[in-house]
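See below for the structure under consideration.
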Amino acid sequence: MSEALTKPTAQIVPGGASKSLRHESARMHVSGSAAYIDDLPEPQGLLHVVPGLSTKAHARIVSMDLEAVRAVPGVVCVLTAADIPGDNQVSAVGKGDEPLLADGEVSFYGQPIFIVVAESRGVARRAAKLAKIEYEERSAVLNIAQAREAGGVLVWRPLVMSRGDVETGLAAAPRRLSGQVTVGGQEHFYLEGQAALAQPGEEGEMRVWSSTQHPTETQHMVAHCLHVRSNLVTVEVRRMGGAFGGKESQANTPACLAAIAAHVTGQAAKMRLDRDDDMMMTGKRHDFVIDYEVGFDDAGSILAVDMALAARCGWAADLSGPVVDRALFHADNAYFYPDVRFKSEPLKTNTQSNTAYRGFGGPQGIVAAERVIEEVAFATGLDPLDVRVRNVYGTGTRNITPYHMTVEDSIAAEIMTQLAGRCDYRQRRQALRGANKSSPFIKRGIALTPVKFGISFTATHYNQAGALVHVYTDGSVQVNHGGTEMGQGLHTKMVQIAMREFGLTEDRVRITATTTGKVPNTSATAASSGADLNGMAVLDAVQKIKARLVSFAAEHWQVPEESVQFLPDGVQVGEQIISFPELTKAAYFARVSLSANGFYKTPKISWNPATGRGRPFYYFAYGAACAEVAIDLLTGENRIERVDILHDAGQSLNPAIDIGQIEGGFVQGAGWLTMEELVWDDTGRLRTHAPSTYKIPACSDRPRIFNVALLENSPNQEATIFRSKAVGEPPFVHGVAVLQAISDALASLNDYQTCPQLDAPATPEQILRTAERMRQQAAH
Amino acid sequence: MRESIRFYLGNVRHEVSGFSPTRTVLDWLREDRRRTGTKEGCNEGDCGACTVLVVRLEGDTLVWRAVNACIQFLWMLDGAQLFTVEDLRSPDGALNPVQQAMVDLHGAQCGFCTPGFVMSMVAYCKTPGASMEDEAINTALAGNLCRCTGYAPIVRAMKQALTKPGDALDTQTEAIKIRLKALADGQTVEIAGPEGRVTLPASADALAAAYQADPQATLVAGATDVGLWVTKGLRTLPHLISVGLVPDLHKIESTPEGLRIGAAVTYTEAKEPIAALLPDAGEIIRRIGSTQVRNAGTVCGNIGNGSPIGDGPPLLIAAGAVLKLRCGEAHRSLPLEEYFLAYGKQDRQPGEFIESVVIPQPQPGTVFRAYKISKRFDQDISAVLGAFSLVFDDAGRIATARIAFGGMAATPKRAHATEAALQGQFWTETTVKAAQDAMKADFAPISDMRSSAWYRQTVAVNLLTRLFVETAPEHTGTETRLAGWKEQAHV
Ligand SMILES: Cc1cc2nc3c(=O)[nH]c(=O)nc-3n(C[C@H](O)[C@H](O)[C@H](O)COP(=O)(O)OP(=O)(O)OC[C@H]3O[C@@H](n4cnc5c(N)ncnc54)[C@H](O)[C@@H]3O)c2cc1C
Ligand code: FES
Ligand code: FES
């Protein structure tokens with residue numbers, strides 16, 4: 001590690017880790033030759049699997065008449081819960097509350113009840129519609145308010161985090177206020193829908209190609225559903241067409257259903273969900289209702305915060321427990337609250353089972369933290385930026401989080417100040433306020449918000465990874481690891497690590513599909529930790545091989561080990577340069593093993609939910625965003641005029657890819673808080689189950705001016721892979737600046753006297769309603 | 001009569017028969033040809049992952065259009081040249097300049113949207129006068145969704161590609177022209193497949209006869225609507241009759257009555273002529289669907305489907321458009337608003353079809369404005385669309401007012417009470433206020449997933465304010481729009 005860290009950049013091969021390199025699949029992406037599940041060559045006799053979905057939110061199934069479905073020519077069989085050879089269960093957390101196919105009861109509108117297995121997908125889709133299912137309806141709870149009214153059944157234990165004494169802190173504070181913020185959910189809208197292809201093999205073997213972020217879990221689920229041991233099931237994924245958390249647990253259902261169909265028929269079977277079915281069936285980002293009370297003083301110092309965070313979790317636990325916990329972990333964002341208490345309420349509802357989504361609850365907590373800042377700013381008349389800077393975690397003091405972890409590197413204030421200077425925040429804010437006075441219908445607003453994001457899985461055992469690296473005798477290298485590629489550039493970064501370490505160019509290092517057959521017992525590629533964990537595992541494997549090559553070379557060429565170095569133009573062995581292929585060939589003849597596996601587990605971390613204490617995160621990633629928006633008071637239409645982001649990726653593994661993550665994360669986050677709106681009707685049917693009704697940002701929705709920069713000279717304080725920082729989730733949070741900027745524009749309606757309390761998503765309608773409220777306040 | 005369709009995919013001529021009339025181009029490519037570069041992201045025309053390039057010969061020019069393969073029927077390719085992402089590399093394997101720019105500038109992350117983007121970008125590069133302006137690029141790419149990149153690198157790649165001289169496809173122009181000319185045989189085509197049949201009439205007369213012979217048949221113009229009945233509604237349609245490929249309906253003409261737009265004319269083709277007549281209508285059309293949708297969808301299909309949330313009808317009703325219908329040999333005209341009788345019910349007899357719509361030349365002194373309000377600016381169905389045509393007399397009074405709304409009732413509907421409140425009045429704040437009060441009697445909109453009744457009603461009323469501010473001289477210089485304001489300077 002030490003050599004790796006101190007390597008002068010001149011000695012890093014072009015495109016090696018810490019330098020920019022295009023995505024390893026870029027040429028295939030643009031040529032249409034990058035294969036996703038549905039593009040794989042189809043095995044002979046392939047059958048297609050389509051689900052039949054519930055049309056009630058909560059009901060007992062009285063009877064099921066599937067004859068008409070079976071009678072359609074081309075239908076091979078129709079399978080129900082009774083046909084599952086093993087467990088009818090896909091709870092990702094082992095809670096046993098998530099049947100794969102409904103058995104006697106349905107718990108949400110869109111729940112799979114049966115599958116049609118047919119010779120073509122078209123036949124299966126049409127046949128599925130012919131089922132006659134009789135239901136006896138039960139009362140359904142569809143949202144947070146209804147769930148609370150019905151007694152507040154939880155899917156997971158509630159969590160309490162507290163430090164100090166919040167009651168006393170609030171009572172002693174010179175000023176206090178309370179309020180509520182609603183934060184909407186979000187559909188992942190990965191462009192490639194859920195898909196899996198299962199092929200039966202010898203003696204109960206099953207190979208599954210699945211668009212999954214978590215091949216190991218998919219392997220376990222398939223094994224349980226088929227009632228076989230894990231060693232009979234191999235799960236493979238080369239790449240996903242986007243995932244964002246939506247293929248962490250949600251990918252299991254299609255994989256299991258395809259595998260069951262393959263098992264029953266003895267033929268390969270594929271399940272690729274239609275977009276509408278996908279959106280009807282799968283879980284989404286949790287929507288929250290968050291009540292807050294804050295004590296503060298006239299200088300804008302926050303003294304105490306009490307928050308209750310209620311989430312719509314859907315019909316089963318899925319990952320809701322850790323997701324809702326993470327909302328609490330981030331309800332402080334970057335701020336120190338002297339006395340604090342956070343409580344969670346993970347509510348059960350008869351809707352899709354909400355799940356992981358980029359940020360994993362964290363962004364929802366941060367929206368609440370930033371609302372609190374905004375409230376304090378309006379109450380004190382201060383610029384929200386000043387309130388932010390005043391309240392960020394200190395170094396040395398004021399540095400303990402609500403979960404009793406010490407913040408060792410609080411750089412949020414520095415980043416905010418740097419960014420405010422770079423983008424002229426203060427002057428522009430002044431200018432916009434002036435311009436708003438003479439523009440009766442179009443108002444502009446600006447806001448600058450920080451992010452501090454905890455990196456590591458809060459489930460400590462997840463923080464481990466494996467890799468398998470082979471060097472062949474022609475000096476080419478194959479890298480495999482437990483992480484999955486979903487567009488984030490993980491595979492590219494893993495290739496870059498091997499390139500840098502061996503001194504090899506891109507064409508010599510090849511990444512292969514992720515498979516449980518090569519690297520077992522892996523964690524989900526999630527929690528932004530893909531490169532942190534797998535990168536260290538790859539480094540470990542590479543260094544094992546290097547160590548063997550070094551001692552071989554030292555002995556073979558009779559030089560000291562210290563004089564063997566892997567450089568971009570070959571391996572320095574004493575005075576001479578030996579080409580890498582030459583070295584590997586010589587090592588092979590000398591019977592040196594050229595393959596190694598690598599392993600890594602994150603040090604220092606621990607977390608005890610029972611006490612609400614620990615160090616759940618190895619480190620924090622930081623950043624700040626400044627957004628300027630315009631809104632139309634006649635229609636509520638809105639537009640992002642300009643965004644500046646300064647983001648901390650540590651010593652970036654690949655600046656080009658990291659900037660891509662930031663740009664993309666920002667737009668996704670802004671979409672979540674503005675136009676993306678999930679609407680269920682009174683029967684619990686999701687009405688926004690297609691891109692025609694659920695609107696993610698389009699090309700023209702990106703900021704008109706968009707400046708993204710990485711924070712310079714900020715290597716990770718912790719010994720992560722080449723001192724980089726995780727970059728998948730944190731930039732998503734930058735979208736919060738947009739919500740706050742819209743709020744700032746609305747505040748003009750009451751001469752910046754009152755906090756608009758704008759809820760998310762800030763759709764045109766939400767903006768118009770809030771404007772109406774502001775006008776009424778102004779009239780009083 | 002021909003019993004097969006003929007087209008080129010890449011350089012290979014295909015002659016196909018005996019297929020289901022509702023087989024989509026996308027399924028044919030992916031399932032039958034195993035050309036899997038073209039992706040399915042939604043199967044309903046909204047994401048653009050399935051974008052392909054369709055080239056047609058019009059006169060002596062090749063017209064390159066990006067369309068959504070998921071909602072185009074295979075037979076719609078008759079006489080065309082189809083290119084997919086697999087056809088873009090030059091024979092020596094070099095990437096197309098668009099592909100190269102996407103690689104160089106990190107335009108792909110997960111890559112699933114990428115082939116579709118690349119096809120839209122190639123099509124844009126081939127659009128005469130393609131501009132480097134962000135707004136123009138946004139419009140060209142509005143029909144392609146990307147969830148990973150935030151679009152910024154894709155737009156950078158678009159700009160880089162626009163600076164390059166052209167691609168390998170350009171060298172084939174002459175060869176393509178020769179091929180396509182050879183395919184045009186002027187024959188009516190009749191395909192019988194396992195699940196039904198399709199008729200591609202060679203003329204309006206042939207269409208009239210075919211439809212009269214089978215009034216149960218489904219007319220298909222651009223299929224941006226009918227396509228979804230199949231891909232999402234899973235309907236089997238036993239007999240399709242093509243409107244969109246009938247040459248004598250594929251005409252835009254200036255007539256004494258006004259601008260006549262034939263039933264096969266797409267929104268892309270109609271945009272400039274309509275915008276020349278009614279400048280604000282250009283911005284509305286720019287926001288109908290996406291480039292791909294407008295490249296296939298027709299103005300008359302937008303009327304034909306009778307949707308209460310279609311954008312074309314209120315726009316054209318406010319403009320005083322007249323619908324031309326034909327049944328067999330019988331022709332009739334009716335004011336467009338009279339066509340929409342009730343939700344799902346139009347004034348159209350069995351066997352009768354729309355031949356064209358005619359937009360009259362606006363009278364001197366007309367102020368025409370139209371506003372589309374949707375959750376997302378681009379490629380979204382309107383929550384409300386308001387179109388206003390005010391004709392002022394010499395004294396400055398409103399001589400006539402024609403106002404129509406979409407999204408406010410079960411049909412596209414005129415705001416008669418509002419119009420009455422305006423008629424004969426001077427254009428003042430008081431008049432506007434009175435008209436806004438009157439508007440409450442015009443509409444009782446519904447709530448749905450796009451917006452609530454409250455929002456629709458409030459916005460409809462507010463649009464009168466916008467109209468006033470944009471057209472009253474005392475408000476000159478007041479900003480009123482976040483999108484599309486450029487085209488409409490104060491008049
Ligand atoms: C992604 C997407 C976005 C869209 N966005 C918009 C939008 O923003 N605004 C909007 O208004 N619409 C929108 N649409 C709807 C649709 O594109 C338009 O209504 C389009 O104009 C329909 O034209 P078409 O030629 O494709 O019609 P088709 O699908 O071919 O036909 C539509 C209907 O009209 C009938 N018909 C067609 N031609 C005739 C004729 N000559 N005589 C009688 N009946 C006929 C058909 O039988 C059918 O009922 C969108 C559609 C999609 C898929
Ligand atoms: S697949 Fe989405 S537009 Fe065709
Ligand atoms: S790159 Fe993933 S959707 Fe565009």
Side-chain angles (χ1 to χ4, degrees), chain A residues 22-23 25-27 29-34 36 39 125-126 129 189-192 239-242 274-276 439-442 486-489 630 632 634-635 637-639 656 660 663-664 666-668 675 677 679 687-688 690-693 695-696 698-702 706 763-765 768, chain B residues 36-38 41-44 46-47 49 84-86 89 95 99 102-103 106 108-115 118 134 138 141-142 144-145 147-153 155 232 234 373 375-381 449-452 455 458-459 462-463 465-466 469 478-483:
Chain A
R22 60 163 190 239
H23 195 283
S25 290
R27 290 175 67 87
H29 288 153
V30 300
S31 308
S33 58
Y36 304 82
D39 305 335
R125 284 182 73 205
R126 274 183 247 170
K129 301 282 174 240
F189 210 82
Y190 26 67
L191 259 283
E192 179 208 24
R239 64 175 65 78
M240 285 166 274
D274 178 66
R275 175 63 62 182
D276 293 58
S439 174
F441 306 112
I442 306 293
M486 58 198 90
Q488 82 280 44
D632 181 337
L634 292 174
T635 59
E637 292 164 293
N638 56 89
R639 185 136 248 187
E663 289 172 336
F666 167 80
V667 169
Q668 205 176 81
M675 68 194 72
E677 185 178 31
V679 180
R687 300 312 302 235
T688 49
S692 51
T693 45
K695 310 314 281 188
I696 69 165
C699 192
S700 65
D701 296 307
R702 76 186 190 288
F706 197 7
T763 57
E765 177 157 354
L768 210 56
Chain B
T36 55
T38 308
C42 68
N43 214 12
E44 57 183 68
D46 263 285
C47 78
T84 69
V85 69
E86 288 89 347
R89 289 187 181 220
L95 296 176
Q99 294 174 309
M102 287 288 274
V103 169
H106 311 278
Q109 289 183 16
C110 79
F112 198 83
C113 69
T114 312
V118 165
D134 278 353
N138 290 347
L141 301 181
N144 292 85
L145 296 177
R147 193 53 150 167
C148 299
T149 63
Y151 304 98
V155 173
K232 295 294 159 171
L234 303 179
I373 310 300
K375 215 176 264 181
R376 185 173 75 191
F377 280 108
D378 282 340
Q379 213 212 147
D380 195 0
I381 301 295
M449 64 278 187
R450 294 201 169 86
S451 59
S452 69
Y455 178 78
T458 306
V459 166
N462 286 351
L463 289 180
T465 305
R466 189 191 267 183
V469 173
T478 302
E479 203 182 349
T480 54
R481 300 194 201 183
L482 297 177

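Order of the sequence lines fixes the chain letters, A, B, ..., with proteins taken first and strands second; residue numbering starts at 1 for each chain.
The contact between A:Phe189 and chain B is made by backbone and side chain atoms together, counting heavy-atom distances below 4.5 Å. Contacts of B:Arg89 with chain A are made by side-chain atoms alone, with heavy-atom separations under 4.5 Å and no backbone atom involved. Of the atoms belonging to A:Asp701, it is side-chain heavy atoms, and not backbone ones, that fall under 4.5 Å from chain B. Contact of B:Leu95 with chain A is made through the side chain alone, with heavy-atom distances under 4.5 Å. Residue contact with chain A, scored on non-hydrogen atoms closer than 4.5 Å, involves the side chain of B:Asn43 exclusively. For a residue to count as touching a neighbouring chain, one of its non-hydrogen atoms must lie under 4.5 Å from one of that chain's; by this rule B:Ser452 touches chain A with backbone and side chain alike. For chain B, the nearby parts of A:Val30 are the backbone and the side chain; heavy atoms of each come within less than 4.5 Å. When heavy atoms are compared at a cutoff of 4.5 Å, B:Val118 approaches chain A solely by way of its side chain, counted from C-beta outward.
In this structure, A:Gln668 contributes its side chain and B:Arg147 its backbone to a donor-acceptor pair below 3.5 Å. Remark: the backbone N or O of A:Glu663 is not paired with any side-chain donor or acceptor of B:Tyr151 at under 3.5 angstrom. Panel note: side chain B:Gln379, backbone A:Ala698; no donor-acceptor pair is recorded below 3.5 Å. Judged by distance alone, the side chain of A:Glu765 and the main-chain N or O of B:Ser451 form no donor-acceptor pair under 3.5 Å.
Residues B:Asn138 and A:Cys699 come closest through the heavy atom pair OD1-SG, 3.6 Å. A:Tyr36 approaches B:Phe112 most closely through the heavy-atom pair OH-N, 3.3 Å. Closest non-hydrogen pair, A:Glu677 versus B:Lys375, comes out as OE1-NZ, 2.7 Å. When all heavy atoms of A:Ser692 and B:Asp380 are compared, the pair lying nearest together is O-OD1, 4.1 Å. The shortest heavy-atom contact between B:Tyr455 and A:Thr635 is OH-O, 2.6 Å.
Here the CD-CE distance, from B:Gln109 to A:Met486, works out to 12.0 Å after rounding to the nearest 0.5 Å. Note: A:Thr763 OG1 to B:Arg376 CZ = 14.5 Å, rounded to the nearest 0.5 Å. In this structure, B:Leu145 CG and A:Ile696 CD1 are separated by 4.5 Å, a value rounded to the nearest 0.5 Å.
Interface check for chain A: of the options B:Ala49, B:Gly111, B:Gly37, B:Cys47, the most heavy-atom pairs under 4.5 Å are formed by B:Gly111. The most heavy-atom pairs under 4.5 Å with chain A, out of B:Cys110, B:Ala108, B:Cys42, come from B:Cys110. Chain B forms the most heavy-atom pairs under 4.5 Å with one residue out of A:Arg687, A:Glu637, A:Arg22, A:Met675, and that residue is A:Glu637. With respect to chain A, the highest number of heavy-atom pairs below 4.5 Å among B:Gly41, B:Pro115, B:Ala142 belongs to B:Gly41. Chain B forms more heavy-atom pairs under 4.5 Å with one residue of A:Ser439, A:Ala26, A:Ser31, A:Ser25 than with any other, namely A:Ser31. Counting heavy-atom pairs under 4.5 Å between each of A:Thr693, A:Leu191, A:Val667 and chain B puts A:Leu191 at the top. The candidate from B:Thr84, B:Ile381, B:Ile373, B:Thr38 with the greatest count of non-hydrogen atom pairs under 4.5 Å with chain A is B:Ile373.
A 4.5 Å side-chain heavy-atom check between A:Arg702 and B:Thr149 finds every atom pair outside the cut-off. When side chains are defined from C-beta on, B:Leu482 counts as touching A:Ile442, because their heavy atoms get closer than 4.5 Å. The shortest side-chain heavy-atom distance between B:Val103 and A:His29 does not fall under the 4.5 Å cut-off.
At a threshold of 4.0 Å, the pair A:Arg639-B:Glu479 does not count as salt-bridged, since none of the basic side-chain nitrogens sits closer than that to a carboxylate oxygen. Using a 4.0 Å cut-off between charged side-chain N and carboxylate O, A:Lys695 and B:Asp378 make no salt bridge. A salt bridge does not link B:Glu44 with A:Arg275: none of the charged nitrogens is closer than 4.0 Å to a carboxylate oxygen.
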